[in-house]
Amino acid sequence: MTEEIVIKPGVFYYPEYFSRAVQEELRDEILSYANELGWFQPTLPRWGTPFSVKMLNYGPLGWVSDKSGYRYQPTHPENGAHWRPFPIHISRLWSSLNVGFDNPEACLINYYQMNSRMGLHQDRDEEDLSVPVISISLGDTALFRIGTTERKGPTQSLKLKSGDVLVFGGPARLNFHGIDRIYPGTSTLLPEGGRINMTLRRVTKSAA
Ligand code: SIN
Ligand code: MN
């Protein structure tokens with residue numbers, strides 16, 4: 001077990017949780033998946049403005065966003081293909097961290113290029129908000145910011161590096177968070193640079 005750092009109540013940080021070898025396995029799996037199915041381009045509800053990240057999902061349900069809104073669905077929004085099952089290292093992570101709830105149903109993959117960012121938002125499209133969200137970072141370092149449950153509340157910044165894992169749940173489950181910037185050239189993991197983030201979520205009610 002790697003080191004656990006409590007950032008604030010409900011936010012746990014595990015620096016370099018995944019070894020380089022595991023990061024490479026995950027990278028190869030994600031890049032072959034993206035090659036097969038293609039990333040989809042999420043857009044903002046209503047206006048249809050494209051996000052600066054591209055997305056894919058693993059698992060029975062995947063998070064998507066388009067003109068009709070945010071939702072979870074079992075298929076790729078652009079070609080109707082079913083999402084691949086979770087890679088083994090991802091399902092193991094849930095049990096290793098003793099999250100203590102039913103298995104996750106969704107793993108959103110965000111692909112950030114050099115200039116991509118993600119504005120402060122809450123993860124609130126899940127039915128069960130008692131279950132934490134687990135985030136995995138691969139590739140270039142990112143400046144992650146996490147605040148409180150208030151949009152204008154004070155925030156803390158954290159540099160997430162390749163292999164890092166972050167958990168937010170309990171009192172922090174609905175905290176605003178986002179990515180201010182990517183630091184290009186800080187990792188050699190992704191052949192074309194950039195960053196991949198995965199977030200594991202329970203979508204429907206957990207019985208446990
Ligand atoms: C997210 O909130 O969906 C992504 C966070 C991250 O990229 O670290
Ligand atoms: Mn989020």
Side-chain angles (χ1 to χ4, degrees), residues 5 7-8 10-18 23 26-27 30 34 39-45 50-59 61-66 69-72 77 83 90 93 104-129 131-151 153 155-170 172-184 186-187 189-190 193-203:
I5 300 170
I7 303 290
K8 61 166 124 186
V11 185
F12 304 94
Y13 175 45
Y14 304 88
E16 293 174 71
Y17 183 93
F18 288 116
Q23 294 175 41
L26 284 169
R27 170 202 64 196
I30 294 165
W39 298 99
F40 70 91
Q41 177 61 71
T43 61
L44 284 176
F51 283 48
S52 64
V53 298
K54 292 189 170 36
M55 296 180 171
L56 257 178
N57 288 275
Y58 285 115
L61 289 172
W63 189 87
V64 302
S65 179
D66 57 23
Y70 305 135
R71 63 190 176 277
Y72 282 95
W83 311 115
I90 297 300
L93 176 64
E105 294 157 308
C107 176
L108 172 65
I109 318 171
N110 290 321
Y111 177 44
Y112 296 80
Q113 279 153 315
M114 203 164 67
N115 296 315
S116 306
R117 54 185 294 282
M118 186 167 296
L120 282 180
H121 66 277
Q122 292 171 297
D123 287 5
R124 55 178 320 147
D125 302 317
E126 301 73 32
E127 264 172 48
D128 199 333
L129 297 171
V131 187
V133 171
I134 300 185
S135 139
I136 302 126
S137 296
L138 295 174
D140 285 338
T141 300
L143 189 60
F144 174 80
R145 195 143 58 94
I146 185 154
T148 65
T149 54
E150 306 293 323
R151 179 170 284 282
T155 60
Q156 273 169 276
S157 292
L158 192 64
K159 281 187 180 168
L160 294 179
K161 303 175 306 304
S162 200
D164 290 356
V165 168
L166 186 86
V167 176
F168 57 98
R173 176 62 180 75
L174 284 176
N175 285 13
F176 279 87
H177 59 278
I179 293 291
D180 288 331
R181 62 164 298 193
I182 303 294
Y183 297 94
T186 43
S187 163
L189 188 73
L190 303 178
R195 170 177 186 256
I196 287 173
N197 172 264
M198 285 183 272
T199 42
L200 263 178
R201 299 114 183 259
R202 175 80 197 176
V203 179

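Residue numbers count from 1 along this sequence. In each ligand, atom 1 is the first atom listed, and ligand 1 is the first ligand listed.
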How is the N/O/S atom of Asp123 that comes nearest to the Mn ion (ligand 2) named?
OD1
Give me the nearest non-hydrogen protein atom to atom 5 (C) of ligand 1 as residue plus atom name, then the distance to 0.1 Å.
Asn197 OD1, 3.7 Å
Flag for Asp164-Tyr13: side-chain donor and acceptor within less than 3.5 Å
yes
Would you mind running through ligand 1 and noting each atom that sits below 4.0 Å from a heavy atom of Ile179?
6 (C), 7 (O), 8 (O)
Heavy-atom nearest neighbour in the protein, as seen from atom 3 (O) of ligand 1, with distance rounded to 0.1 Å
Asn110 ND2, 3.2 Å
Any N/O pair His177/ligand 1 closer than 3.5 Å:
yes
Shortest non-hydrogen contact from Thr149 to Phe176?
O-CE1, 3.4 Å
Report yes or no: does Asn175 contribute a side-chain atom to a donor-acceptor pair with the main-chain N or O of Gly147 at less than 3.5 Å?
yes
At what distance is the nearest protein heavy atom to atom 7 (O) of ligand 1, and which residue and atom is it?
Tyr112 OH, 2.5 Å
Of the N, O or S atoms in His121, the one nearest the Mn ion (ligand 2):
NE2
The closest protein heavy-atom partner of atom 8 (O) of ligand 1 is Arg195 NH2, 2.9 Å
In terms of the angle between their ring planes, are Tyr111 and Trp39 parallel, tilted or perpendicular, with boundaries placed at 30° and 60°?
parallel
Can you give me the closest heavy-atom contact between Phe40 and Asn57, atom names plus distance?
CE2-ND2, 3.8 Å
Counting distance only, does the side-chain N/O of Arg27 pair as donor-acceptor with the main-chain N or O of Leu189 below 3.5 Å?
yes
Do Leu160 and Thr141 touch side chain to side chain, with heavy atoms closer than 4.5 Å?
no
Would you check whether Asp123 has a nitrogen or oxygen atom less than 3.5 angstrom from a nitrogen or oxygen atom of ligand 1?
no
Within the 4.0 Å heavy-atom cut-off, what Leu166 brings close to ligand 1 is neither
